[in-house]
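Input: a single structure, listed below in structure tokens.
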Number of protein chains: 2
Amino acid sequence: MQDTAKSPEDAEGENINLSELIVRDINIGIFGPGEWLKQVDLEQRYGVTRIAVRRVLDELVAKRLVEHIHNRGYRVYALGPKQRREVSEIRTLLETAAAGGIVEQATKQDIEELTVLAENFKQAAYYGTILEQIDANRNFHNRLLELCTNESLTELIMELRQRGPAAPVTRWRTVAQLAKATEDHFRIVDAIRRRDVEGLKAVITSHINDKGPNLDLSKE
Amino acid sequence: MQDTAKSPEDAEGENINLSELIVRDINIGIFGPGEWLKQVDLEQRYGVTRIAVRRVLDELVAKRLVEHIHNRGYRVYALGPKQRREVSEIRTLLETAAAGGIVEQATKQDIEELTVLAENFKQAAYYGTILEQIDANRNFHNRLLELCTNESLTELIMELRQRGPAAPVTRWRTVAQLAKATEDHFRIVDAIRRRDVEGLKAVITSHINDKGPNLDLSKE
DNA sequence: GTTGTCAATATTGGCGCCAATTTATAAATA
DNA sequence: TATTTATAAATTGGCGCCAATATTGACAAC
């Protein structure tokens with residue numbers, strides 16, 4: 001598939017796969033925040049052994065996507081509003097820092113491809129399932145981050161992006177938010193095309209922090 | 001070396017402990033970069049079971065401190081110069097970002113304690129073993145980071161600080177470097193005392209990136 | 001009706017065992 | 001002697017089993 005070109009450490013290939021599956025299911029909301037992840041359920045759902053389940057869960061604990069309580073088990077990490085703000089702040093910091101390199105690095109070819117991916121997300125936003133939206137969104141952002149010259153930074157951002165229930169529940173709760181995300185993507189590509197670093201930073205900041213109109217914003 | 005009274009609530013307390021032990025031994029240089037970490041050796045050295053060893057190693061893989069190759073085992077991750085520069089860049093970004101909050105937050109009490117810890121490090125630098133130096137250094141920086149208002153940022157920085165062979169081999173190869181680190185610590189406290197955010201950022205940046213005089217700097 | 005106690009059930013998590021695989025050693029061949 | 005091949009040793013890593021612990025549900029006491 002369109003998976004990362006290189007995976008030199010296809011070591012525990014199945015685990016990596018399983019990890020992605022679970023992360024996606026958490027993002028979709030199949031496993032909600034705070035929900036217990038019973039090992040037996042996971043074995044059956046994904047058709048893997050207990051050992052594989054445990055290892056992946058431990059991995060996700062290290063990534064702060066789930067938490068582990070001794071003799072109780074694993075459960076989906078539930079970020080409070082404070083933590084969500086903190087992570088957003090960090091992401092803003094890192095992703096705007098990446099902006100400079102991205103603008104410098106981007107070739108015409110890159111911009112073309114990003115345009116296509118932004119278009120793909122638009123299609124998914126209108127006609128696709130939540131799962132397709134998530135995939136399209138990830139494809140766009142991954143491609144974008146490939147342009148970052150600092151590989152470690154890229155990895156860190158990717159890791160941070162999937163922390164917390166990053167997906168629909170938190171992000172695209174309304175059609176309006178989905179529309180804003182779509183627009184943001186095009187604005188990002190535009191800023192790169194114009195080689196406008198400051199503009200790019202502004203769009204990225206807005207993309208991370210202003211999720212768009214939301215009825216119960218007063219809550220937070 | 002027997003377990004003290006079993007404390008049920010401190011989750012995988014033993015593992016956390018073991019994790020810190022191994023990290024420290026990597027930092028000291030007992031396990032050098034690229035060295036294989038044989039599971040049997042680790043069981044014996046730390047007097048723990050195989051399961052515990054494996055779990056901690058997997059955790060360290062997630063933290064990018066060791067790498068795992070299937071059917072070969074785990075080995076200490078060896079950062080190339082490029083990656084080391086990248087991580088330094090990220091750390092500079094994050095730690096200077098934390099500076100603002102630190103200056104705002106710091107009370108007289110905090111500054112007093114930091115002074116003591118900086119003094120402790122100085123003592124360790126002159127009269128202590130490498131291990132004591134590492135501990136003193138960590139104590140100072142941990143206390144400093146406690147002042148950061150963004151807890152998630154604090155955690156992330158701490159994690160990043162121990163990535164890669166962060167310790168003597170890489171950091172304080174010479175007495176001159178050790179002296180510079182000592183001085184930096186006092187400068188950091190001074191900047192906080194003066195509420196000089198920009199000054200603090202400058203010192204931190206220097207502390208991370210300019211390791212001080214080094215004979216073979218031409219190499220990099 | 002509510003609360004407390006205790007047994008039954010469900011779940012987690014540690015450990016030993018052994019197959020799969022790699023690395024080291026020795027023999028054999030050119 | 002150098003190189004390849006075969007054999008032995010060492011190491012990793014998956015799996016089932018079962019004890020420790022938590023949760024549920026029933027039942028009794030107030």
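Each chain gets a letter, A, B and so on, in the order the sequences are listed, and its residues count up from 1.
C:dG13 atom P lies 9 Å from atom CG of A:Asp58, rounded to whole Å. What separates CZ of A:Arg75 from P of C:dT12 is a distance of 13 Å, to the nearest Å. To the nearest angstrom, C1' of C:dG14 lies 15 Å from CD of B:Gln39. In this structure, CD of A:Glu35 is placed 14 Å from P of C:dT11, rounded to the nearest angstrom. Atom CG of A:Leu57 is separated from atom P of C:dG14 by 14 Å (rounded to the nearest Å). In this structure, CD1 of B:Ile51 is placed 12 Å from C1' of D:dG16, rounded to the nearest angstrom. In this structure, the CZ atom of A:Arg54 is 7 Å from the P atom of C:dG14, given to the nearest Å. A straight line from CD of B:Glu43 to P of C:dG14 spans 15 Å, rounded to a whole angstrom.
Between the side chains of A:Ser206 and A:Asp184, no donor-acceptor pair is found at a separation under 3.5 Å.
When the nucleotides C:dT12, D:dT11, D:dG14 are ranked by their closest atom to the side chain of B:Lys38, D:dT11 comes out on top.
Shortest non-hydrogen contact noted between A:Phe121 and A:Gln133 is CE1-O, 3.6 Å.
Under 3.5 Å, the side chain of A:Arg50 and the base of D:dG16 form no donor-acceptor pair of N or O atoms.
Atoms CG and CZ, from A:Leu57 and A:Arg50 in turn, are 10.5 Å apart once rounded to the nearest 0.5 Å. For the atom pair A:Asn139 CG and A:Ile134 CD1, the distance stands at 12.0 Å (nearest 0.5 Å).
In this structure B:Ala98 satisfies the side-chain contact (heavy atoms from CB on, under 4.5 Å) test together with B:Ile102, B:Cys148, B:Leu153, B:Ile157, sequence neighbours excluded.
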Provide a list of protein-nucleic acid N or O atom pairs under 3.5 angstrom, restricted to nucleotides 22-25 of chain C.
from   : atom 1 : to      : atom 2 : distance (Å)
C:dT23 : OP1    : B:Arg72 : NE     : 2.3
C:dT23 : OP1    : B:Arg72 : NH1    : 3.3
C:dT23 : OP1    : B:Arg72 : NH2    : 3.0

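A 4.5 Å side-chain heavy-atom check between A:His185 and A:His207 finds at least one atom pair inside the cut-off.
Side-chain N/O atoms of B:Thr49 include none lying less than 4.0 angstrom from OP1 or OP2 on C:dG14.
Residue pairs meeting the salt bridge (Lys or Arg N to Asp or Glu O under 4.0 Å) criterion with at least one member in residues 149-159 of chain B, sequence neighbours excluded: A:Arg64-B:Glu155, A:Arg64-B:Glu159, A:Lys82-B:Glu151.
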